[in-house]
Amino acid sequence: MTPHSNVPPTRSHGPRKLTPKPHPILSRIFSTDHRTIGIQYLILALVSVIIGTTLSLLMRIHLVWPDWPLPLHGLILPEDYLALVTIHGTVMLFFVLTTAPQAGFGNLILPAQIGARTMAFPGLNAASFWLTAIALITLLCSTFAPGGAAISGWTAYPPLSAVPSAGPGQALGMDLWLASIALFAIASTASSINTLTTILRNRCPGMTWERLPLTVWGWFTAALLSIIAFSVLLAAILLLFCDRHAGTSFFLPNGDLVNGVLHQGGNGSPLLWLHLFWFFGHPEVYIAILPGMGLTSMLLANFSHRRVFAYRTMIVTTLLIGLLGILLWGHHMFVAGLNPFASSAFSISTMAIALPAAAKVLSWLATTWRSRPSYKTPMLFALGFVSLFITGGLTGPILAQPILDEYLHNTFFVVAHFHLIMAMAGIFGLYAATYYWFPLLTATRSHPGRLLSEPLGHLHFWCTLIGAYAVFLPMHLTGLAGEPRHYAQLTGIPGPGGSLSPAGALLSHTLPLNRFITYAAFFLAAGQLLFLINLARTLYKGNFASSNPWQATTLEWHPTMNPFTPSSASDTSEISVHRMPCHYQSNKVEISFLPQWAPVSFAQGEIANATDSKPE
């Protein structure tokens with residue numbers, strides 16, 4: 001017997017079976033590569049923001065010109081207006097402000113910033129994206145359901161949302177809304193687990209916790225909040241679905257009369273939904289803007305050529321904002337009949353969160369104080385984020401007072417507040433990230449990344465900033481006048497004999513301001529066309545960027561992290577971190593900087609010359 005006689009003989013007869021190669025397009029679409037998934041998330045968010053902006057313009061048109069018929073549709077009925085409100089809020093909050101900063105840029109940039117090759121769970125990462133895409137499709141399909149889309153707003157307050165016969169859109173349309181948000185909650189939870197595991201286990205040598213960029217701390221804290229908040233939201237949605245179809249009574253009180261139907265049996269409470277929903281709803285604000293806070297800190301230091309003032313304090317304030325943000329959900333319920341002592345506790349905790357937020361603002365001001373900043377487009381949008389965050393935050397302590405909130409609750413004052421501090425500040429953070437990281441987004445193996453046009457970027461910034469303030473600052477005045485939100489029509493309601501009834505005169509003196517807000521909304525939306533033009537122009541024939549166009553110090557600009565660099569295929573385990581980010585020194589002649597990956601023995605001037613870092 002030969003030494004290898006125990007090896008079974010190979011078959012030499014018959015045709016050889018070849019493993020079929022995957023289709024190149026399908027393999028690209030269903031890729032598990034974190035960069036591809038990140039770009040897919042951003043494309044989904046771009047489609048969502050176009051849809052959400054269009055719906056908001058239709059809402060503004062109807063408030064000012066309620067008799068204007070929509071082409072191919074006709075007059076916007078009250079239930080149509082409430083459906084616009086519901087889908088607009090849901091799309092913008094979940095599929096733009098949550099998806100783009102956390103999942104989109106998190107997939108694109110997070111692994112590179114910690115020196116990792118990929119996300120911890122590539123398969124789970126791809127599944128999270130496709131669940132998110134299915135959730136968006138499900139939500140949009142609800143508009144074609146019999147009876148129309150859900151009309152309960154993005155908060156879906158029971159008991160109306162718990163009874164399918166409550167009104168138009170509360171049957172199949174509401175079921176599809178619940179299914180969409182449930183899928184999104186599952187996808188976001190899975191994506192957040194992936195993010196946390198990647199940060200915990202995939203950091204390169206030397207990347208200690210205090211050396212993590214503040215953007216990573218923003219993603220880390222937002223992921224922690226997402227796991228807690230979306231898990232509670234998913235449970236609440238399942239309970240509401242059971243109330244609708246399984247005969248339970250979690251949110252339906254006994255003896256409640258809804259649209260002529262008397263509910264008997266059970267002892268549920270709509271307040272339970274408010275507690276569960278806002279336990280998710282308020283942390284959602286910080287899930288949307290914490291990544292923007294971290295990026296703003298890094299950009300202000302980068303373009304001011306300064307170290308981040310009180311870096312460790314900024315880490316602590318990020319964690320504190322996350323902790324306090326999950327403890328103050330009750331300030332959304334001051335008019336819901338809370339115990340006065342509970343209202344006082346939630347009021348104090350709401351004002352307490354202003355302390356770490358104010359510390360961040362002071363750090364931003366100190367970082368840029370008496371510096372010589374470079375006013376590139378990412379820097380402008382970072383400064384715009386600071387401006388909007390401060391302006392929107394100033395009205396937070398007002399709404400934190402129960403006695404004031406009783407008057408302002410559910411008015412346009414609240415709409416103005418959260419649109420400034422969350423929506424517009426979050427959008428400015430997304431624009432800052434896009435202009436800053438666009439060379440990394442567009443780099444491929446065949447060509448380096450491209451830079452978005454600076455002149456178009458500056459024009460886009462000023463149009464967006466002016467438009468944002470022109471739209472939402474006047475809303476504070478209409479809210480102070482008592483203008484309620486979610487009302488399909490405030491003026492021009494015909495009364496008996498053709499004259500205007502008292503209801504038709506409701507808040508008629510705010511109509512000039514509402515007209516101005518509507519014109520400003522069209523101006524703001526038109527300003528975003530500049531970004532789309534800039535995007536298309538740059539992808540077609542934009543200028544190529546150098547390997548480190550912003551003189552950045554974080555690892556995503558390391559040569560081996562660039563897809564265009566041939567060495568990017570090599571093992572990145574040899575990357576090591578030697579210091580915290582944002583090591584800059586400037587004088588009247590030159591600016592020198594030390595990237596995180598530069599060995600300690602190198603001179604700063606040598607590093608500045610060796611990294612091909614002069615901005616264009």
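Reckoned from all heavy atoms, side chains included, excluding hydrogens, waters and symmetry mates. Computed from a predicted model, the values in this text were never measured in an experiment.
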To the nearest 0.5 Å, how far apart are [atom1] in [X] and [atom2] in [Y]?
{"X": "Thr132", "Y": "Leu183", "atom1": "OG1", "atom2": "CG", "value": "9.0 Å"}
{"X": "Leu75", "Y": "Asp67", "atom1": "CG", "atom2": "CG", "value": "6.5 Å"}
{"X": "Leu239", "Y": "Ser249", "atom1": "CG", "atom2": "OG", "value": "11.5 Å"}
{"X": "Ile134", "Y": "Phe184", "atom1": "CD1", "atom2": "CZ", "value": "13.5 Å"}

Determine whether the aromatic ring centres of residues [Y] and [X] are separated by less than 6.0 angstrom.
{"X": "Phe381", "Y": "His460", "answer": "yes"}
{"X": "Phe30", "Y": "Trp130", "answer": "yes"}
{"X": "His476", "Y": "Phe472", "answer": "no"}
{"X": "His332", "Y": "His409", "answer": "no"}
{"X": "Tyr435", "Y": "Phe461", "answer": "no"}
{"X": "Trp278", "Y": "Phe346", "answer": "no"}
{"X": "His245", "Y": "Phe241", "answer": "yes"}

Out of Phe279, Phe334, Tyr286, which residue meets the ring pair (Phe, Tyr, Trp, His ring centres under 6.0 Å) rule with Trp329?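 Among Phe279, Phe334, Tyr286, the one meeting ring pair (Phe, Tyr, Trp, His ring centres under 6.0 Å) with Trp329 is Phe279.
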Could you check Thr99, Val96, Leu139 and say which one makes a side chain to side chain contact (heavy atoms under 4.5 Å, CB included) with Ser48?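 Exactly one pass, corresponding to Val96.
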If only side-chain N and O atoms count, and only distance matters, is there a donor-acceptor pair under 3.5 Å linking [Y] with [X]?
{"X": "Glu483", "Y": "Asn514", "answer": "yes"}
{"X": "Ser161", "Y": "Gln170", "answer": "no"}
{"X": "His62", "Y": "Trp68", "answer": "no"}
{"X": "Tyr436", "Y": "Thr377", "answer": "no"}
{"X": "Ser453", "Y": "Asn534", "answer": "no"}

Student check: side-chain heavy atoms of [X] and [Y] closer than 4.5 Å:
{"X": "Leu511", "Y": "Arg515", "answer": "yes"}
{"X": "Leu399", "Y": "Phe413", "answer": "yes"}
{"X": "Pro253", "Y": "Asn267", "answer": "no"}
{"X": "Ile61", "Y": "Phe522", "answer": "yes"}
{"X": "Glu284", "Y": "Leu233", "answer": "no"}
{"X": "Thr391", "Y": "Leu388", "answer": "no"}
{"X": "Ile326", "Y": "Ile228", "answer": "yes"}
{"X": "Ile186", "Y": "Leu234", "answer": "yes"}

Could you label the plane-to-plane angle of the Trp437 and Phe105 rings as parallel, tilted or perpendicular, counting under 30° as parallel and over 60° as perpendicular? tilted
Please verify the inter-ring angle class for Phe280 with Phe230; under 30° counts as parallel, over 60° as perpendicular, anything in between as tilted.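 Tilted, since the angle between the ring planes falls between 30° and 60°.
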Which pair of non-hydrogen atoms, one from [X] and one from [Y], has the smallest distance, and what is that distance?
{"X": "Pro78", "Y": "Ala488", "answer": "CA-CB, 3.7 Å"}
{"X": "Ala425", "Y": "Phe385", "answer": "O-CD1, 2.9 Å"}
{"X": "Thr464", "Y": "Phe428", "answer": "CG2-CE1, 3.4 Å"}

Side-chain donor/acceptor of Thr395 to backbone N/O of Gly392, under 3.5 Å: yes
Does CH2 belonging to Trp65 count more than 12 external heavy atoms closer than 6.0 Å? yes
Using a cut-off of 6.0 Å, state whether more than 12 heavy atoms not belonging to Phe144 lie near its atom CZ. no
Test His275 against Met333 for side-chain contact (heavy atoms from CB on, under 4.5 Å), laying out the working first. CA-CA 8 Å; His275 281 290; Met333 302 166 56; 3.4 Å; yes
